[in-house]
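Note that ligands are numbered from 1 as they come in the structure, with each ligand's atoms numbered from 1 the same way.
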Amino acid sequence: MTEMLSFENVELYYDHVYALKGVSIAMNEGETVALIGANGAGKSSILRAITGLAPIRSGRIRFMGEKLDGMSAPDIVRKGIAMVPEGRRVFPYMTVKDNLLMGAFTRSDKAGIASTLDSVLTRFPRLKERYGQTAGTLSGGEQQMMVIGRALMAKPRLLLLDEPSLGIAPKLVQDIARSIVAISRDEKVTVLLVEQNSRMALSISDRAYAMSTGSVVLSGNSKDLIRDDRIKAAYLGGD
Ligand code: ATP
């Protein structure tokens, strides 16, 4: 197994807010790993640290053995890391097609881009139906599929998903969950999933880290964690 990503004792501050208090995590190529925890626990900060959007104060982030911290955000994308941001940042006045193509901004292989676009549209037929429509007219669930599709357009090795189920109708959450499983299987992409919906996250991931106020408090195989009493009490609503 090849280690893809690691955090060694990473600390991150926003001015005086101590958001990551010495976080160490590791994930192997091909895994789906979930980060669970309450609002403000530091999950998004981990993703921001990976993508270079928030500089770390100390520690080390490695991707495929290479130091990632300190690298520019576009260079990080070029390394093969794509992010699906929280809140479905779509370009509302652009068409679905143009939103998707934005995801390929680091690529110049026209034939390759066309073939990735084809596979995204096959995976999400709703996007094909709404291809020429402006993104602002899509439902929340469709927008979420579109931003996942947009990230796939970069042909990432590591896909970061920030709260894909947030604000999505409950019956669509299952569709999103199934899509994530299918993407990791078919595209051989490694997935780091940030979710407040811990049940969903644990049900589709191989391993998980549970976070609280800037620290990892528990980690393990997701199928064990979902039965763990401490996880049940703190992250699964006690049932
Ligand atoms: P959420 O689900 O709300 O995204 P989270 O677990 O992802 O929660 P983070 O967004 O990583 O948590 O936030 C960690 C801490 O850092 C919180 O206390 C938050 O209020 C604080 N924080 C996040 N972004 C900023 C910022 N830009 N400026 C100041 N404090 C911030």
Side-chain angles (χ1 to χ4, degrees), residues 5-27 32-61 63 68-73 76 81-90 140-141 143-144 147-148 150-151 158-170 172-173 176-177 180 190-205 207-220 222 225-226 228 230-238:
L5 179 80
S6 67
F7 272 48
E8 288 159 33
N9 218 9
V10 169
E11 296 190 297
L12 187 152
Y13 284 81
Y14 302 102
D15 295 323
H16 302 295
V17 179
Y18 192 16
L20 296 180
K21 302 174 181 169
V23 167
S24 297
I25 59 175
M27 56 193 291
T32 293
V33 171
L35 296 174
I36 59 172
N39 215 343
K43 309 179 301 298
S44 302
S45 296
I46 289 187
L47 300 190
R48 277 184 229 124
I50 296 170
T51 52
L53 298 179
I56 63 172
R57 174 81 57 95
S58 63
R60 179 65 72 237
I61 304 175
F63 180 70
L68 201 66
D69 53 278
M71 212 180 266
S72 76
I76 291 170
I81 300 179
M83 162 97 146
V84 176
E86 182 176 340
R88 310 184 286 281
R89 307 274 167 70
V90 305
Q143 289 186 359
Q144 186 64 67
V147 290
I148 294 174
R150 187 174 69 197
L158 174 62
L159 181 65
L160 310 174
L161 294 160
D162 197 356
E163 304 271 9
S165 79
L166 194 71
I168 302 291
L172 281 179
V173 170
I176 302 274
I180 296 168
T190 306
V191 177
L192 183 57
L193 170 66
V194 163
E195 261 299 336
Q196 277 191 57
N197 185 338
S198 309
R199 190 174 301 282
M200 184 271 255
L202 291 175
S203 72
I204 66 168
S205 54
R207 287 190 306 114
Y209 292 90
M211 297 194 63
S212 178
T213 59
S215 303
V216 171
V217 289
L218 264 176
S219 64
S222 301
L225 290 180
I226 211 162
D228 187 293
R230 293 162 298 177
I231 293 284
K232 282 186 186 171
Y235 300 96
L236 297 174

With a cutoff of 4.0 Å, is Gly42 in contact with ligand 1, counting heavy atoms of the residue only? yes
Distance under 4.0 Å to a non-hydrogen atom of [X]: what atoms of ligand 1 satisfy this?
X: Asn39; value: 1 (P), 2 (O), 3 (O), 8 (O)
X: Glu86; value: 4 (O)
X: Lys43; value: 2 (O), 5 (P), 6 (O), 7 (O), 8 (O), 11 (O), 12 (O)
X: Ser45; value: 9 (P), 11 (O), 13 (O), 14 (C)
X: Arg48; value: 10 (O), 23 (C), 24 (N)
X: Gln196; value: 2 (O)

Closest to atom 2 (O) of ligand 1 among Met211, Glu195, Glu163 (heavy-atom distance): Glu163
Name the option, out of Ser212, Ala19, Gly40, Ala38, that contains the heavy atom nearest to atom 8 (O) of ligand 1. Gly40
Holding to side-chain contact (heavy atoms from CB on, under 4.5 Å), I want the full list of residues that pass it with Ser215, two or more places apart in sequence or in another chain. Lys21
Under the rule for side-chain contact (heavy atoms from CB on, under 4.5 Å), what residues qualify as partners of Arg230, not counting sequence neighbours? Leu218, Asp228
Heavy atoms, side chains only, cut-off 4.5 Å: are Val33 and Ser205 in contact? no
Do Val84 and Leu160 come within less than 4.5 Å of each other through their side chains, counting heavy atoms only? no
Please indicate whether any nitrogen or oxygen in Ala41 is less than 3.5 Å from any nitrogen or oxygen in ligand 1. yes
Mode of Val17 contact toward ligand 1 - side chain, backbone, both, neither (heavy atoms, under 4.0 Å): side chain
Among all protein heavy atoms in this structure, tell me which lies nearest to atom 4 (O) of ligand 1, with the distance rounded to 0.1 Å. Ser44 OG, 2.8 Å
Quick one: closest heavy-atom pair of Tyr209 and Ser24, and the distance? CE2-O, 4.3 Å
Where Met83 and Ala151 come nearest, the two heavy atoms and their spacing: O-CB, 4.2 Å
Only one of Ile56, Leu68, Ile61 clears side-chain contact (heavy atoms from CB on, under 4.5 Å) with Phe7; which? Ile61
